[in-house]
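Below is one structure, written out as structure tokens; the observations come after it.
Fair warning: this is a prediction, and the values are worked out from it, not measured in the lab.
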Amino acid sequence: MRKPIGPEPGSAGEPGAAGGEAPRKDATPLSTVVRVRSLLPSLPPAERRVAQRVIDDPEGVANSTITELAQTCGTSETTVIRFCRAIGFHGYPELRLTLATEAGRAQSASGGRVIGSDISPDDSLEQIVEKVTFADARAVEETASQLDIKMLEQVVDAVVAADRVDVYGVGASAFVAMDFQQKLHRIGRFCSAWADAHIMLTSAAVLGPTSVAIGISHTGATVETIDALEVAKSNGATTVALTNFPKSPIAEAADLVLTTAARETTFRSGATASRLAQLTVVDCVFVGVAQRTYGPTRKALEATFEAVRGRTVRPDRRRR
């Protein structure tokens, strides 16, 4: 499997890193929290408790000693050190310093206001609007900041060269898959989006080396999508995963992995921020493909626009 996007634990250039690629200079203020959140499911239970504390209260962790953090998380100082190394730091002092710096930047960016993303029963509708839009904006910004351009370029190359692109997703991810299908179809690319488990498998079974299969799953653990990608890969198709977690099971079934950086709020089943983050990545892939095929794309867009131009209500039929 090719390397997933985003910094790997222990990569050089990160705080306390041992070897690898330096972090992007335009990383968002909460880039450490974003990284921890993406690695959360792959951590051992004790380290996961420390990670969750960092996600929930990064400023509080920055102001805590290693003993205080270990006690709060019901674990040992050794576990805290292991966690720090797992996310690319030499030790806890470096993590504290980085979190304090990032928290300060985030507060400056928000004008000193602290906007949570979880919805409480007592929130007013005005507060709900503020929290939802804040979470959505952060999901898009953080997704863009950690998007690996080289990996994105490989995905664009694969789609441009493919004679067929099949996109798999269930639940909320199915809507993202259909959006991508509609976009590619509009510019004359042969693309199908599937949400039914049986049809996904039969689709994957007839793909080949000139095809691309894209699986979309926020958790990266959706069995139907993973199974379809594995079948597609076994038949020689180039497989792409779009997920929030680079070490999730779907990444194992993919040649190329694109990640989002969305944090869902209280109403996770609504799949709000994650869907917007996925759509952001899909749009980047689509525009990349459209740019590579600029001439044919312009002609296709003009033709499809002309085909539907007459399907709008004429001014003389509008109510006055």
Side-chain angles (χ1 to χ4, degrees), residues 6 24 26-41 51-63 99-147 169-180 182-183 193 195 216-220 222 242-245 258-287 312-313 318-319:
R24 292 176 49 171
D26 58 345
T28 58
L30 291 180
S31 57
T32 299
V33 175
V34 171
R35 184 163 69 252
V36 171
R37 196 161 60 231
S38 72
L39 297 173
L40 184 64
Q52 192 61 59
R53 182 66 178 171
V54 171
I55 293 170
D56 293 340
D57 187 14
E59 189 172 358
V61 172
N63 292 321
L99 288 175
T101 302
E102 293 175 348
R105 289 174 183 166
Q107 193 167 10
S108 297
S110 63
R113 293 183 307 151
V114 178
I115 304 174
S117 57
D118 283 334
I119 309 298
S120 71
D122 299 325
D123 282 343
S124 66
L125 193 55
E126 182 179 6
Q127 289 174 312
I128 290 173
V129 170
E130 184 177 37
K131 289 183 176 182
V132 168
T133 54
F134 174 79
D136 288 351
R138 291 295 293 175
V140 172
E141 291 169 0
E142 292 175 350
T143 292
S145 74
Q146 57 83 65
L147 194 59
V170 299
S173 295
F175 296 107
V176 180
M178 287 188 288
D179 178 81
F180 192 41
Q182 187 272 336
K183 283 181 166 68
I216 303 174
S217 170
H218 173 75
T219 63
T222 306
L242 174 55
T243 179
N244 207 67
F245 304 101
L258 296 174
T259 55
T260 55
R263 178 192 177 191
E264 286 298 351
T265 58
T266 308
F267 303 102
R268 168 64 188 92
S269 59
T272 54
S274 63
R275 186 178 68 251
L276 288 174
Q278 290 170 346
L279 287 169
T280 298
V281 177
V282 161
D283 282 350
C284 290
V285 175
F286 166 72
V287 173
T312 57
V313 176
R318 293 177 183 167
R319 292 181 180 179

Inset, instruction - Give the minimum heavy-atom separation between P58 and V33, together with the two atoms involved. - result: CB-CG2, 3.9 Å
Inset, instruction - Decide yes or no for L258 and V285: does some side-chain heavy atom of the first lie under 4.5 Å from some side-chain heavy atom of the second? - result: yes
Inset, instruction - Could you pull out all residues at least two apart from Q52 that satisfy side-chain hydrogen bond (donor to acceptor under 3.5 Å, both in side chains)? - result: D56
Legend entry - Contacts of type side-chain contact (heavy atoms from CB on, under 4.5 Å), residue D283, not counting sequence neighbours: D179, K183
Inset, instruction - For A62 and A100, work out which heavy atoms get closest and say how close. - result: CB-N, 3.7 Å
Inset, instruction - Identify the two heavy atoms, one from H218 and one from S274, that lie closest to each other, and give their separation to 0.1 Å. - result: ND1-CB, 3.2 Å
Legend entry - pair T259-N244: side-chain heavy atoms closer than 4.5 Å: no
Legend entry - Beyond-backbone contact of L147 with T280, side-chain heavy atoms, under 4.5 angstrom: no
Legend entry - Gap separating the CZ atom of R275 from the CD1 atom of I216, nearest 0.5 angstrom: 12.5 Å
Legend entry - For the student: nearest non-hydrogen atoms of T222 and S217, plus distance: OG1-OG, 2.9 Å
Inset, instruction - Quick one: do Q278 and T260 satisfy side-chain hydrogen bond (donor to acceptor under 3.5 Å, both in side chains)? Show the steps, please. - result: CA-CA 6 Å; Q278 290 170 346; T260 55; 5.6 Å; no
Inset, instruction - Nearest 0.5 Å please: distance from the CZ atom of F245 over to the CG atom of L40. - result: 7.0 Å
Legend entry - Distance (rounded to the nearest 0.5 Å) between Q127 CD and F134 CZ: 14.0 Å
Inset, instruction - Would you confirm whether E102, through its side chain, and L99, through its main-chain N or O, come within 3.5 Å as a donor-acceptor pair? - result: no
Inset, instruction - Can you see which heavy atom on A177 is nearest to which on G169, and at what distance? - result: CB-N, 4.4 Å
Legend entry - Lys/Arg-Asp/Glu bridge criterion (N-O < 4.0 Å) met for R37, E142: yes
